[in-house]
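What you see below is based on every heavy atom in this structure, not just the backbone, and it leaves out hydrogens, waters and symmetry mates. Each ligand, and each atom within it, is numbered from 1 in the order the structure gives. Keep in mind that this is a model prediction, so the values were computed, not measured.
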Amino acid sequence: MSSVSLTVNGKAVTAEIEPRTLLVQFVRDTLRLTGTHVGCDTSQCGACVVHLDGQAVKACTVLAVQADGRQVTTIEGLAEPGGALHPMQAAFREHHGLQCGYCTPGMIMTAVDLVRRKGHALDEATIRHELEGNLCRCTGYHNIVKAIAAGATAMGGEPPLRQAAE
Ligand code: FES
Ligand code: FES
């Protein structure tokens, strides 16, 4: 067993885990943060995206021990502590950017990272290109693209690459 200590959604966490434990298994099975999903076993779907030190990663491609000493944010950590949705979450709701919702946490975590890297005025081609690692079987992507463009604009008050509130 290995000991890991990291910060997840602003809270310090320490656990004894098997060294082979994936980060996605750690957040879902050990921490019971089940908003992060597993949609494939080939690292293609993006349902498992979380932020590691503020950057989007597929949590099925990272060992939990690789997150030792680092900051992880899951979809559960995106809303305000009082419950107000993050602007990107609100945009997905307003623009019907989901149907079954299985891909949605990963889409939103990817989208927030995209805005922080590329700014608030995102064109459709950029959004579609950046979503190549996130698969959705339901929506046809059109409303997801609209939601991300709107969410990016709504995040306008947030400086790019903000990590302090992670
Ligand atoms: Fe990670 Fe599909 S579960 S990419
Ligand atoms: Fe169902 Fe995307 S909304 S997989």
Side-chain angles (χ1 to χ4, degrees), residues 2 4 6-9 13 15 17-68 70-79 85-118 122-155 163 166:
S2 298
V4 287
L6 59 159
T7 303
V8 180
N9 299 334
V13 173
I17 57 171
E18 289 192 48
R20 65 180 176 176
T21 304
L22 297 171
L23 183 57
V24 70
Q25 295 172 315
F26 181 71
V27 298
R28 284 182 55 83
D29 301 338
T30 304
L31 303 182
R32 305 304 300 162
L33 294 171
T34 54
T36 302
H37 293 158
V38 177
C40 71
D41 57 9
T42 52
S43 301
Q44 286 179 307
C45 75
C48 63
V49 172
V50 301
H51 292 177
L52 183 59
D53 289 339
Q55 295 188 320
V57 296
K58 289 180 173 176
C60 70
T61 66
V62 179
L63 292 168
V65 292
Q66 291 177 287
D68 189 47
R70 301 172 73 179
Q71 304 250 355
V72 172
T73 303
T74 69
I75 190 69
E76 290 89 348
L78 216 53
L85 292 180
H86 184 279
M88 190 61 74
Q89 293 174 303
F92 268 70
R93 183 169 71 177
E94 185 174 339
H95 294 274
H96 309 289
L98 64 146
Q99 288 183 22
C100 80
Y102 200 85
C103 70
T104 311
M107 289 283 183
I108 289 174
M109 299 309 282
T110 295
V112 170
D113 174 73
L114 166 60
V115 175
R116 291 177 185 170
R117 287 185 292 108
K118 299 214 163 174
L122 297 173
D123 59 45
E124 179 175 344
T126 299
I127 294 170
R128 287 184 181 274
H129 177 72
E130 292 281 339
L131 286 182
E132 67 181 2
N134 292 76
L135 302 181
C136 176
R137 67 180 182 179
C138 305
T139 63
Y141 298 94
H142 185 66
N143 284 357
I144 290 175
V145 173
K146 273 178 27 185
I148 291 175
T153 302
M155 285 172 64
Q163 292 185 29
E166 292 278 331

**OP:** Give the numbers and elements of all ligand 2 atoms closer than 4.0 Å to a heavy atom of Cys138.
**Re:** 1 (Fe), 3 (S), 4 (S)

Original post:
Measuring from Thr126:OG1 to Leu114:CG, what's the distance to the nearest 0.5 Å?
Top reply: 8.0 Å

Original post:
For Ala59 and Val50, which heavy atoms make the closest approach, and how far apart are they?
Top reply: CB-CG2, 4.0 Å

Sequence neighbours excluded and cut-off under 3.5 Å, please list the side-chain donor-acceptor pairs for residues 89-96, or say none.
from	atom 1	to	atom 2	distance (Å)
Gln89	OE1	His86	N	2.9

**OP:** Assess Cys136: does it contribute an N, O or S atom lying under 2.8 Å from atom 2 (Fe) of ligand 2?
**Re:** yes

Subject >> Least distance between heavy atoms, Val49 atom then Lys58 atom >> reply: CG2-CG, 4.1 Å

Sequence neighbours left out, cut at 3.5 Å: what donor-acceptor pairs do the side chains of residues 19-27 make with other protein atoms?
from	atom 1	to	atom 2	distance (Å)
Arg20	NE	Glu18	OE1	3.0
Arg20	NH2	Glu18	OE1	3.4
Thr21	OG1	Glu18	O	2.7
Gln25	OE1	Leu22	N	2.8

Subject >> Results of ring pair (Phe, Tyr, Trp, His ring centres under 6.0 Å) for Tyr141 - residues two or more places apart only >> reply: none

Original post:
Which ligand 2 atoms are under 4.0 Å away from a heavy-atom of Gly101?
Top reply: 1 (Fe), 3 (S)

Original post:
Taking any residue with a non-hydrogen atom under 4.0 angstrom from an atom of ligand 1, which ones do you get?
Top reply: Val38, Gly39, Cys40, Ser43, Gln44, Cys45, Gly46, Cys48, Lys58, Cys60

Original post:
Is there a side-chain contact between Glu124 and Lys146, using heavy atoms and a 4.5 Å cut-off?
Top reply: no

**OP:** With heavy atoms of Arg137 as the reference, note each atom of ligand 2 found under 4.0 Å away.
**Re:** 4 (S)

Original post:
Do Thr36 and Met109 come close enough that some side-chain heavy atom pair is under 4.5 Å?
Top reply: no

